[in-house]
Amino acid sequence: MKTLMLGNAAVARGLYEAGCRFVSSYPGTPSTEITEQAAGYDEIYCEWAPNEKVALESALGAAIAGARSFCAMKHVGLNVAADPLFTSAYTGVNAALVVAVADDPGMHSSQNEQDSRHYAMAAKLPMLEPSDSEECRDFAVLANELSERFDTPVLLRTATRVAHSQSLLETHERRDVPLKPYEKNPAKYVMSPGNAIPRHADVEKRLAELAAYSETAEINRAELRSREIGFVASGVCYQYVREAFPEASVFKIGMSYPLPIQAIARFAAQVDKLIVVEELDPVFETALRAAGIRVSGGKNLFGLLGELSQSKILQAMGASAPAGKVFGEALPQRPPVMCAGCPHRGLFAVLSRMKLTVLGDIGCYTLGAAKPLAALDTTVCMGASISALHGFTTVRPEEAGKTVAVIGDSTFMHSGITGVVNVAYNKGISTILVLDNAITGMTGHQQNPTTGLTLKNQPTPPIRIEKVLEGIGIRRVRVVDPNDMAALEQALREELAVAEPSVIISRRPCALLKYVKHKPALIVDSARCRGCKQCMRLGCPAIRFEDHKAIIDSTQCVGCGLCAQTCGFGAIGEGKA
């Protein structure tokens, strides 16, 4: 029976059917749902790890122990996991190890457009690239088989439009794959130079074998139709090409690395023009040109930036694209914004009012950079806020009293701890704000080591951030409620005035958590409202301005009280008319 399934759910289904036993990941859009869906299968042990490096190392350990294993992450997460990734190519595996990486062309929820195909080439690991949900399932199964056949981790690359789209697939029963025996083999698994040197030779031999396999693999195929144009494409670009040019010939790449160069060369000889369609970098185009294959068009047509689409491909090829619908009026802009009642809003309102320099991090609180709060100065990567603060205040010590870092609870566990260690060890003067909203919020409410629950909602001892900081050597730690703006400002002024590291934990649960009980919506007394727009500076989506007066939308307001604290005329409160 065929089932409509999300691409990420289909990967999880493939893992289940392939006999996967162990999954360790860190949530990252657009990869998160793979692990969440896998957790729904009782036969698979699933966990959220503190970060991608730990997740991959755990999955590698399980694979060496003999269990088919899996790890998922988004493209920037692969940077964090790069250390074990590269060396795992040398050690190889025992049972299968599949590593899914979800790229984000168009940066829907990411800080850069990174092309993970480069990692396959650099680490010398095979990479498969599905183009729909059925292939997500099929390629997940195949990746397990190739991993054990070639004694290597296998990369499974998706992208936003494959991960988050639905298509039909056929489900199958789970294959019961027993644990493979584990035998001590230091020459294979202990990567000291004496062992790593011969293992490098094994990697090159394996790569040659994988290249030979790629030439005849069914997932790489030539679809001959009109000989006028032949396209080379993979992943979602294959779908775009087929819809834009249904009569054209296409070489569909299912194995992005190693490429089936000879098979593509034979295909190229059968068409008049060869066009390479790929998002982001010219990975395929460069490889084909280097092999002497005649390429008529590629990045000169489609560019290096953002996502492609059927219309973009048609336009780049000089064909007419279907006309889009024109609306009679301009659609309003809907930029991302912190939710009504978000515990981060009061904190950023205070930081903005105090005109502090704020080094930011990755999470919901990145939205603090948006107007009208406009409170963030930097956002680079997970954990960077604390480390960057240390560097900033070390070279500009006079700025220590007016510069802070903000980081979430999950990101603190991911990679913020080491930044605090650096501050303490090197006697830095830094004021750090840990925004503890009791969940991993931006990726959809996943548990983390501070929440007291595992991925499968089993109780576990929660890590107390205060105790971690105490162990690191931070003597000044205090907890504040970010909805008490006066207390928060006082705490900031006091901590910024001291000449030693300090941490303020801004603690209030995410307003969207099911167990959070909200207060009644507040009301604006229009007679007392002076139209000063101070409440609008909060950027709360529940407040709007009409006829020179503030109005609170009762369907959105959760009664957090921030607007009442900002109103200097007492116009906002409960039960006022």
Side-chain angles (χ1 to χ4, degrees), residues 335-361 363-379 385 388-389 392-393 396 398-408 429-437 476 478-498 502-508 511 522 524 528-545 549-550 552 557-573:
V337 61
M338 284 183 278
C339 308
C342 176
H344 305 324
R345 176 170 284 106
L347 181 137
F348 281 115
V350 171
L351 295 176
S352 181
R353 187 167 64 203
M354 294 177 67
K355 294 181 170 53
L356 298 179
T357 299
V358 183
L359 307 188
D361 225 290
C364 295
Y365 43 91
T366 307
L367 295 170
K371 293 181 178 180
L373 293 168
L376 287 185
D377 289 72
T378 68
T379 297
S385 61
L389 174 65
F392 193 100
T393 55
R396 290 186 175 271
E398 72 280 4
E399 298 292 327
K402 47 188 174 181
T403 307
V404 300
V406 294
I407 189 168
I429 300 174
S430 299
T431 300
I432 299 160
L433 291 154
V434 178
L435 283 56
D436 183 1
N437 65 348
R476 298 185 63 91
R478 59 201 294 178
V479 179
V480 298
D481 181 349
N483 279 8
D484 187 342
M485 298 169 71
L488 177 60
E489 183 170 345
Q490 180 182 348
L492 276 163
R493 292 191 185 281
E494 291 175 0
E495 297 309 319
L496 285 166
V498 299
S502 63
V503 178
I504 299 172
I505 300 173
S506 172
R507 180 165 287 153
R508 176 171 278 268
L522 301 183
V524 177
R528 302 183 71 174
C529 177
R530 303 294 181 86
C532 67
K533 296 188 178 181
Q534 283 299 313
C535 57
M536 298 294 290
R537 293 179 182 274
L538 292 169
C540 178
I543 307 174
R544 68 181 189 274
F545 212 68
K549 301 286 185 179
I552 294 177
C557 179
V558 298
C560 71
L562 294 180
C563 54
Q565 294 177 55
T566 63
C567 181
F569 304 101
I572 303 175

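Remark: of the listed residues L367, L373, L538, L373 is the sole one forming a side chain to side chain contact (heavy atoms under 4.5 Å, CB included) with F348.
Here the side chains of D436 and R508 are not in contact, with every heavy-atom distance at 4.5 Å or above. At least one side-chain heavy atom of M536 sits under 4.5 Å from a side-chain heavy atom of I543. Looking at heavy atoms from C-beta onward, L435 lies out of side-chain contact with P343 at the 4.5 angstrom threshold. Residues L376 and V406 form a side-chain contact, since some pair of their non-hydrogen atoms from C-beta on lies under 4.5 Å apart. No side-chain heavy atom of R507 sits less than 4.5 Å from a side-chain heavy atom of V480. Between I504 and V404 the shortest side-chain heavy-atom distance does not fall below 4.5 Å. Put simply, the side chain of V350 reaches to within 4.5 Å of the side chain of L492, judged on heavy atoms. Inter-residue side-chain proximity for I407 and Y365 is flagged as met; some heavy-atom pair is nearer than 4.5 Å.
Rounding to the nearest 0.5 angstrom, the gap separating the CG atom in N437 from the OG atom in S506 is 9.0 Å. Separating the SG atom in C540 from the CG atom in L562 is a distance of 8.0 Å, to the nearest 0.5 Å. Taking CG from D377 and CZ from F392, the interatomic distance works out to 7.0 Å, rounded to the nearest 0.5 Å. For the atom pair CD1 (I572) and CD (Q534), the distance works out to 10.5 Å, reported to the nearest 0.5 Å. Distance check, rounded to the nearest 0.5 Å: CZ of R537 to OG of S352 gives 8.5 Å. Note: R478 CZ to E494 CD = 4.5 Å, rounded to the nearest 0.5 Å.
Formation of a donor-acceptor pair under 3.5 Å by the T393 side chain with backbone atoms of I429 is found in this model. A distance-only check finds a donor-acceptor pair linking the side chain of R345 to the backbone of C339 [under 3.5 Å]. Side-chain atoms of Q565 never come within 3.5 Å of backbone atoms of D484 as a donor-acceptor pair (strictly under, hydrogens ignored). At least one donor-acceptor pair closer than 3.5 Å links the side chain of K549 to the backbone N or O of C529. The backbone N or O of S385 lies less than 3.5 Å from a partner atom in the side chain of D361, making a donor-acceptor pair. Formation of a donor-acceptor pair under 3.5 Å by the E489 side chain with backbone atoms of L351 is not found in this model. Put simply, the side chain of T403 never gets that close to the backbone of A400: no donor and acceptor are under 3.5 Å apart.
Between C567 and A571, the shortest heavy-atom distance links the atoms SG-N, 3.3 Å. Looking at every heavy atom in both residues, F545 comes nearest to K533 through CE2-CE, 3.3 Å. Nearest heavy atoms, A349 versus M485: CB-CE, 3.8 Å. Considering all non-hydrogen atoms of both residues, G341 and A511 come closest at O-CB, 3.3 Å. The two residues S430 and L389 make their nearest non-hydrogen contact at CB-CD2, 3.4 Å. Residues C563 and I552 share a closest heavy-atom pair of SG-CD1, 4.0 Å.
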- Go through the steps to decide whether V503 and E495 satisfy the test side chain to side chain contact (heavy atoms under 4.5 Å, CB included), and finish with yes or no. CA-CA 8 Å; V503 178; E495 297 309 319; over 6 Å; no
- From CA spacing to verdict: side chain to side chain contact (heavy atoms under 4.5 Å, CB included), K402, K355: CA-CA 8 Å; K402 47 188 174 181; K355 294 181 170 53; over 6 Å; no
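The environment of R396 atom CZ is sparse: at most 12 non-hydrogen atoms of other residues, nucleotides or ligands sit within 6.0 angstrom.
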